[in-house]
Protein chains: 2
Amino acid sequence: MAERLRSAGRREQSLSRERIIEASIELLDSCGEDGLTYRALAERLATGPGALYWHIASKSDLLTSACDTMVAQTLNALAVTTPESTIRAVALGIFDLIDEHPWVGSALTRTPGLLSIVRILERIGQQICALGVPDEQQWAAVGALMAYILGVSSQNAANRQLARTQGLDRGSFLEAVSTAWSQLDTKQYPFARSMAGQIRDHDDRADFLAGIDLILKGIRSPRQP
Amino acid sequence: MAERLRSAGRREQSLSRERIIEASIELLDSCGEDGLTYRALAERLATGPGALYWHIASKSDLLTSACDTMVAQTLNALAVTTPESTIRAVALGIFDLIDEHPWVGSALTRTPGLLSIVRILERIGQQICALGVPDEQQWAAVGALMAYILGVSSQNAANRQLARTQGLDRGSFLEAVSTAWSQLDTKQYPFARSMAGQIRDHDDRADFLAGIDLILKGIRSPRQP
DNA sequence: CAGAGTATTGGAATGATGTTCCAGTAAGTT
DNA sequence: AACTTACTGGAACATCATTCCAATACTCTG
C-alpha cells in the first residue's frame with residue numbers, strides 16, 4: 001500500500017492523515033463545529049479540497065478520527081489507582097475533555113459503535129470487573145455509567161455551545177436559564193421553579209461527580225447485606 | 001396580530017404552523033433526519049420554501065417544535081401512579097418515543113434549555129419530591145436520571161440510525177457489533193471481548209430499565225440506615 | 001359593494017456546503 | 001530516460017438553508 005511511501009514520504013511538507021486531523025482539531029477548537037469545512041481546512045493547509053479527499057474519505061470520517069485522537073489522548077493521560085477512583089478519573093477526564101472541546105461531545109453521541117466508545121467502555125469495564133461485580137450485572141453497570149457520562153457531558157457541551165451562540169458566558173447563561181425557569185407557570189412547573197434558584201450557582205463538575213457516586217452506590221448496594 | 005385571521009382562516013387548505021409541523025413529523029418519520037428539507041416539505045405541502053418561512057423562523061425552530069410536540073404528546077399519555085413507577089413510566093415513554101422516532105433523540109440532545117427538557121424534568125422532579133428526597137439532593141437525583149434517560153435513548157437512536165444507513169436490521173447490527181468486538185486485541189480490550197457474546201442477544205429495553213433501577217437504588221440507599 | 005391595505009404565498013435568486021472529477025505534477029522504478 | 005504510481009489542486013456539480021420580491025387572496029373601511 002501507500003504506507004511505505006508515505007512514511008518515507010515525499011517532502012515533510014506533504015499532506016498526511018495525521019497532519020489533516022491535527023489541523024481539523026485546531027479548526028474545531030478555534031471556530032467550533034460549524035467552522036470545520038473542507039474549504040477552510042484546505043486553505044489552512046494551502047491546498048485544495050480534492051487533495052484532502054485522497055487521505056480522508058468523508059467529513060464524518062474526519063470528525064470521527066479527530067474525536068478518537070482526543071479520547072485516546074485523554075485516556076492515556078490517566079493514572080491508574082483503585083477501581084472506584086479510576087472510574088471517577090475516567091468520568092472526569094471525559095467530562096473535562098468535552099467541556100473544553102464541545103465538538104467531541106456531539107461527535108461521540110452522533111456516531112456510536114465507534115472506537116472511542118469502545119476505548120472508554122473498556123477502561124470502565126475493567127474497573128467494574130475489579131470491583132467484583134458479578135458477570136450478569138456487568139453490562140448494566142457499565143451501560144449505566146457510559147450513558148451517564150456521555151449524556152451529562154454532551155448536555156453540558158450543548159449548553160456551552162448554546163451560550164456561545166448567544167454571546168453569553170457561563171454565569172450569564174445560568175442566570176438566563178434561572179430567570180426563564182422562575183417565570184414558568186406555577187401550577188404546571190412547580191419543580192422547575194423551585195430549582196431555578198439552585199441552578200444559578202451550581203457547580204456542573206460537582207453535580208456530575210455526585211451523579212457518578214449515586215450510580216456507584218447503586219452498583220455496590222445489592223452486594224452489601 | 002395574525003391570530004384572529006388565521007383561526008377564522010383563509011381556506012381550510014391554508015398553511016399554518018401546526019400543519020407544517022405535522023407534515024415535518026411525517027417527513028422525519030418516513031425519510032429520517034436528513035429527509036427534512038424545506039424543499040421536500042414545500043413540495044409535500046404544495047407550496048414554495050418562502051411560504052414556510054412566513055410561519056417558521058428556521059430549520060432548528062422547525063425541528064425543535066416538532067420534537068416538543070412529540071414529547072408533550074408522550075408525557076400526556078402517561079398514567080399517574082406511585083412515584084417510582086411513574087419515573088419508570090416516564091423513562092420508558094421517552095425511550096420508546098426516541099426508539100420509534102430517532103430524530104427526536106438528536107433534537108433533544110442538540111438543543112438544550114428546551115421546553116421539552118423542562119417538561120421531562122418537571123415530571124421526574126415531582127416524583128423525586130414525592131419520594132421525600134431532601135432538597136439539597138434533589139438536583140443531583142433528577143440530573144442523574146435525566147442524563148441517563150436522554151443519554152441511553154439517544155445512543156440507542158444513533159445505533160438505529162447507523163444500522164439503517166448500513167441497511168441492517170436490529171439483529172444483524174448487533175451481530176456485526178458483536179463480531180467486531182470479538183476481533184479486538186485480547187490484551188488491549190479484554191472486557192469488550194468478554195461482552196461481545198452478551199451484546200448479541202441483549203434486550204435494550206430491559207437493560208435500560210435495569211439502569212433506571214440502579215439509579216433509583218442509589219437515590220434511596222443513603223436514607224435506609 | 002368598490003377600493004385600499006395587509007397577510008400570505010410561491011418561485012426565483014443567493015451564497016455556502018460536501019463531494020466528485022480530472023488534468024497535471026513529483027516521486028519511485030525499471 | 002521512459003514509465004508507472006502516489007498525490008495534488010482547483011474547477012465543477014448537486015444540494016441545502018435562507019432571503020427577496022412580485023403576485024395574490026383575504027379583510028376592512030367607506
Side-chain angles (χ1 to χ4, degrees), chain A residues 1-24 27-28 31-67 103 106-107 110-111 165, chain B residues 1-24 27-28 30-67 103 106-107 110-111 161 165:
Chain A
M1 297 309 278
E3 289 308 322
R4 198 176 17 143
L5 295 177
R6 194 183 301 152
S7 59
R10 267 176 182 224
R11 294 274 155 70
E12 44 188 271
Q13 283 280 4
S14 80
L15 245 40
S16 73
R17 203 160 207 282
E18 293 72 33
R19 251 172 60 82
I20 295 176
I21 290 174
E22 190 184 342
S24 300
L27 208 51
L28 283 163
C31 307
E33 201 173 353
D34 296 336
L36 180 68
T37 70
Y38 270 82
R39 282 175 171 76
L41 199 54
E43 191 181 6
R44 181 178 272 247
L45 291 166
T47 179
L52 303 178
Y53 273 86
W54 180 260
H55 299 276
I56 283 174
S58 69
K59 186 169 178 177
S60 89
D61 181 19
L62 184 59
L63 206 63
T64 292
S65 304
C67 172
W103 55 270
S106 35
R110 226 192 309 279
T111 46
T165 61
Chain B
M1 295 309 278
E3 289 309 322
R4 197 173 19 139
L5 296 177
R6 195 182 302 152
S7 60
R10 262 173 187 228
R11 293 276 155 69
E12 40 191 272
Q13 284 279 4
S14 79
L15 244 41
S16 72
R17 202 161 208 281
E18 294 74 33
R19 252 172 62 80
I20 296 176
I21 290 174
E22 191 184 342
S24 300
L27 207 53
L28 284 162
S30 60
C31 307
E33 201 172 351
D34 296 337
L36 180 66
T37 71
Y38 270 81
R39 279 173 173 74
L41 201 53
E43 190 181 7
R44 179 178 273 248
L45 291 166
T47 179
L52 302 178
Y53 273 87
W54 178 259
H55 299 276
I56 283 175
S58 70
K59 187 169 178 175
S60 91
D61 181 19
L62 184 60
L63 207 65
T64 292
S65 304
C67 171
W103 55 272
S106 34
R110 226 195 307 281
T111 45
Q161 193 162 1
T165 62

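Quick note on labels: first sequence line is chain A, next is B, and so on, each numbered from 1.
- When all heavy atoms are compared, the tightest approach of B:S24 to B:L62 is OG-CD1, 3.2 Å.
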Look for any protein N or O under 3.5 Å of an N or O in nucleotides 9-13 of chain D and output each such pair with its distance, or none.
| residue | atom | partner | partner atom | Å |
| --- | --- | --- | --- | --- |
| D:dG9 | OP2 | A:T47 | OG1 | 2.2 |
| D:dG9 | O5' | A:T47 | OG1 | 3.4 |
| D:dG9 | N7 | A:A51 | N | 3.0 |
| D:dG10 | O6 | A:G50 | N | 3.3 |

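- Applying the salt bridge (Lys or Arg N to Asp or Glu O under 4.0 Å) test to every pair with at least one member in residues 33-45 of chain A, sequence neighbours left out, gives these pairs: A:E26-A:R44, A:E33-A:R110.
- One can place NE2 of B:H55 at 16 Å from C1' of D:dT18, the figure rounded to the nearest angstrom.
- Taking 4.5 Å as the limit, some side-chain heavy atom of A:Y38 sits within range of a side-chain heavy atom of A:I56.
- Legend: residues meeting side-chain hydrogen bond (donor to acceptor under 3.5 Å, both in side chains) with B:E22, ordered by chain and number and at least two apart, are absent.
- Rounded to an integer number of Å, the gap from A:Y38 OH to D:dT8 P is 14 Å.
- Here the C1' atom of nucleotide D:dT8 and the CG atom of A:L41 are 15 Å apart, to the nearest Å.
- DNA chain D is contacted by B:L36, B:T37 of residues 30-37 of chain B, taking any non-hydrogen atom closer than 4.0 Å.
- Atoms CG (A:L62) and C1' (C:dT17) sit 14 Å apart, rounded to a whole Å.
- Between the C1' atom of D:dT8 and the CZ atom of A:R19 lies a distance of 13 Å, rounded to the nearest Å.
- Residues A:A66 and A:I21 share a closest heavy-atom pair of CA-CG2, 3.8 Å.
- Identified under the salt bridge (Lys or Arg N to Asp or Glu O under 4.0 Å) test for residues 48-67 of chain B, with sequence neighbours left out: B:R17-B:D61.
- Distance, A:K59 NZ to D:dC16 P: 16 Å, rounded to whole Å.
- Across all non-hydrogen atoms, the minimal contact from B:L52 to B:A42 is CD1-N, 3.9 Å.
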query: For DNA chain C, what dot-bracket results from Watson-Crick or G-U pairs at under 3.5 Å, with [ ] for crossers and | for inter-strand partners?
result: ||||||||||||||||||||||||||||||
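- The heavy-atom pair separating A:A40 from A:G35 by the smallest distance is CB-O, 4.0 Å.
- To the nearest angstrom, P of D:dA23 lies 18 Å from CH2 of B:W54.
- When rounded to the nearest whole Å, the span between CG of A:D61 and P of C:dT20 equals 12 Å.
- With a 4.5 Å cut-off on side-chain heavy atoms, A:L27 and A:T37 do not count as touching.
- Using a 4.5 Å cut-off on side-chain heavy atoms (C-beta onward), B:L41 and B:T47 make no contact.
- To the nearest 0.5 Å, atom NE2 of residue A:H55 and atom OG of residue A:S65 are 13.5 Å apart.
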